[in-house]
Amino acid sequence: TENRLTWITTWATQCTVDYTLGKSTKQVGEPIAVQNHRVALPDLKPGNSVRYRIRATARDGKEVGTDWREFTWKPRAEPPTKRAGRVALKVTPPADSAAGLKNWPVTSGVPFPQAALGSARNARLLDAQGKVLPLQATATGHWPDGSVKWLLLDFRHSGGPAEYTLEYGPAVAHRELEQKFAPPAELGELVLADTGGGEHRTRVAGFTLEENGGLRRSLRTTGQLGRSAFNYDARLHVYPGLPWARVLLTFGAGPSTNE
């Protein structure tokens with residue numbers, strides 16, 4: 001149901017995916033050696049069929065690979081939204097910082113019972129006066145019948161505590177926001193200092209766009225931290241109209257050279 005391939009190897013290795021879409025053949029390579037693999041095919045659209053194979057280097061240095069296989073990205077069938085309802089939401093920022101909040105990004109998940117909400121498009125956000133607010137709504141989980149199980153909301157908040165209403169139903173719709181966005185070439189330099197006084201440096205670049213919404217965009221990249229034994233995983237959340245971004249960094253041990 002996605003433009004993504006996942007697989008597991010019994011040793012840490014960098015894999016390459018060769019794939020044919022239409023008349024063109026392309027490649028996607030992994031930036032670091034791992035055992036749990038996940039590769040997105042960026043130009044694959046819902047309904048497209050693709051032929052692919054996976055290549056890797058074995059422990060003995062020889063190249064191994066799969067046969068050519070076929071994969072079709074089947075669009076998820078969205079059932080109709082048959083019932084209407086409302087969910088009360090409240091934002092309570094810290095008292096010492098509430099006065100300075102203006103267009104502050106809020107991200108929150110809302111659960112739905114099965115068959116209640118067919119599509120994220122059938123939801124909208126209202127303020128305490130009933131005014132419709134800009135909303136980015138994404139279904140992140142589904143029930144077996146295809147209805148929404150978890151809905152991820154992104155909106156903006158200003159000032160102190162405030163109440164909002166998430167309204168949904170067959171006659172409800174929210175306007176999709178502008179989504180034009182060019183990922184940055186790089187984030188900058190990442191430096192990790194060890195207890196011995198050494199520094200390990202790398203340029204954080206090569207981002208893949210994971211979410212492209214009008215209120216929040218998420219990008220991800222991975223790599224090795226200089227010549228150290230550490231790998232990093234960086235996620236960058238960009239909020240259009242705001243002069244800053246949120247960066248989430250995860251460090252982990254790289255593949256062992258003694259296996």
Side-chain angles (χ1 to χ4, degrees), residues 1-6 17 19 21-22 24 26-31 37-50 52 71-78 103-110 112 117-125 132-142 146-157 166 168 172-188 203-223 232-250:
T1 58
E2 297 181 347
N3 63 334
R4 185 169 62 190
L5 301 174
T6 59
V17 177
Y19 67 100
L21 183 62
S24 61
K26 300 181 180 181
Q27 293 182 344
V28 177
E30 294 180 298
H37 307 267
R38 181 176 65 177
V39 171
L41 307 181
D43 45 1
L44 190 65
K45 308 295 184 197
N48 287 164
S49 294
V50 62
Y52 73 93
F71 166 72
T72 300
W73 183 1
K74 297 180 180 179
R76 184 182 298 276
E78 292 185 339
N103 291 326
W104 192 261
V106 177
T107 301
S108 179
V110 177
F112 280 86
L117 178 64
S119 170
R121 293 189 299 270
N122 294 128
R124 65 181 180 180
L125 188 69
V132 179
L133 301 176
L135 174 67
Q136 177 179 326
T138 307
T140 58
H142 295 82
S147 61
V148 177
K149 188 174 186 179
W150 281 99
L151 189 67
L152 185 66
L153 308 179
D154 283 279
F155 60 97
R156 300 291 171 85
H157 170 82
L166 181 66
Y168 64 94
V172 175
H174 72 266
R175 181 175 58 87
E176 295 293 335
L177 303 172
E178 182 66 39
Q179 296 183 355
K180 293 182 179 179
F181 177 66
E186 65 174 39
L187 181 60
R203 305 298 298 184
V204 181
F207 285 97
T208 298
L209 187 62
E210 292 186 317
E211 295 179 76
N212 187 22
L215 293 177
R216 181 179 57 85
R217 284 132 189 189
S218 175
L219 304 100
R220 178 175 181 257
T221 187
T222 58
Y232 70 88
D233 189 318
R235 268 190 172 83
L236 175 66
H237 293 277
V238 179
Y239 303 94
L242 297 180
W244 48 267
R246 183 186 184 198
V247 180
L248 304 177
L249 286 173
T250 301

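This one's a predicted model, so the numbers in the text were calculated from it and none came from an experiment.
A distance-only check finds a donor-acceptor pair linking the side chain of Thr221 to the backbone of Ala205 [under 3.5 Å]. Counting only distance, with no hydrogens or angles, the side chain of Ser119 and the backbone of Arg121 share a donor-acceptor pair below 3.5 Å. With hydrogens and angles ignored, the 3.5 Å screen pairs a side-chain donor or acceptor of Arg156 with a backbone N or O of Leu215. Side chain of Asn122 to main chain of Tyr168: no donor-acceptor pair is present (N/O by atom type, distance under 3.5 Å, no hydrogens or angles).
Ring geometry, Tyr52 versus Phe71: the interplanar angle exceeds 60°, so the pair is classed perpendicular (tilted spans 30 to 60°).
Atom OG1 of Thr140 and atom NZ of Lys149 lie 10.5 Å apart (nearest 0.5 Å). Atom-to-atom distance recorded for Arg38:CZ and Thr6:OG1 is 9.0 Å, nearest 0.5 angstrom. Atom CD of residue Gln27 and atom OH of residue Tyr19 lie 9.5 Å apart, to the nearest 0.5 angstrom.
When all heavy atoms are compared, the tightest approach of Leu242 to Pro105 is CD1-CD, 3.6 Å. Considering all non-hydrogen atoms of both residues, Pro240 and Gly214 come closest at CG-O, 3.4 Å. Closest non-hydrogen pair, Leu166 versus Phe112, comes out as CD2-CZ, 3.9 Å.
Side-chain contact between Asn48 and Leu21 is present, with heavy atoms from C-beta onward closer than 4.5 Å. With contacts defined as side-chain heavy-atom distances shorter than 4.5 Å, the pair Leu236/Phe207 qualifies. A 4.5 Å side-chain heavy-atom check between Phe155 and Leu133 finds every atom pair outside the cut-off. Side-chain contact between Ser147 and His142 is absent, with no heavy-atom pair separated by less than 4.5 Å. Side-chain contact between Tyr239 and Arg246: present, with at least one pair of heavy atoms (C-beta onward) separated by less than 4.5 Å. Taking the side chain as every heavy atom from C-beta outward, His237 and Leu248 approach each other to under 4.5 Å.
Applying the 6.0 Å contact sphere to CZ of Arg203 captures more than 12 heavy atoms from other residues, nucleotides or ligands.
Looking at residues two or more places apart in sequence or on another chain, you find a side chain to side chain contact (heavy atoms under 4.5 Å, CB included) between Thr107 and Leu152, Asp154, Arg216. Every side chain to side chain donor-acceptor pair (under 3.5 Å) that Asp233 has, sequence neighbours left out, goes to Arg220. Applying the side chain to side chain contact (heavy atoms under 4.5 Å, CB included) criterion to Ala137, with sequence neighbours excluded, gives Ala120, Leu135, Leu151, Leu153, His174.
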Item to complete: Give the C-alpha distance, both sets of side-chain angles, the deciding distance and a yes or no for salt bridge (charged side-chain N to carboxylate O under 4.0 Å, His left out) between Glu210 and Arg235.
Response: CA-CA 9 Å; Glu210 292 186 317; Arg235 268 190 172 83; 2.9 Å; yes
Worksheet item: What's the verdict on side chain to side chain contact (heavy atoms under 4.5 Å, CB included) for Thr208 and Leu219, showing C-alpha distance, side-chain angles and the deciding distance?
Response: CA-CA 5 Å; Thr208 298; Leu219 304 100; over 6 Å; no
Worksheet entry | Leu125 vs Val132, side chain to side chain contact (heavy atoms under 4.5 Å, CB included): CA-CA, chis, key distance, verdict | CA-CA 6 Å; Leu125 188 69; Val132 179; over 6 Å; no
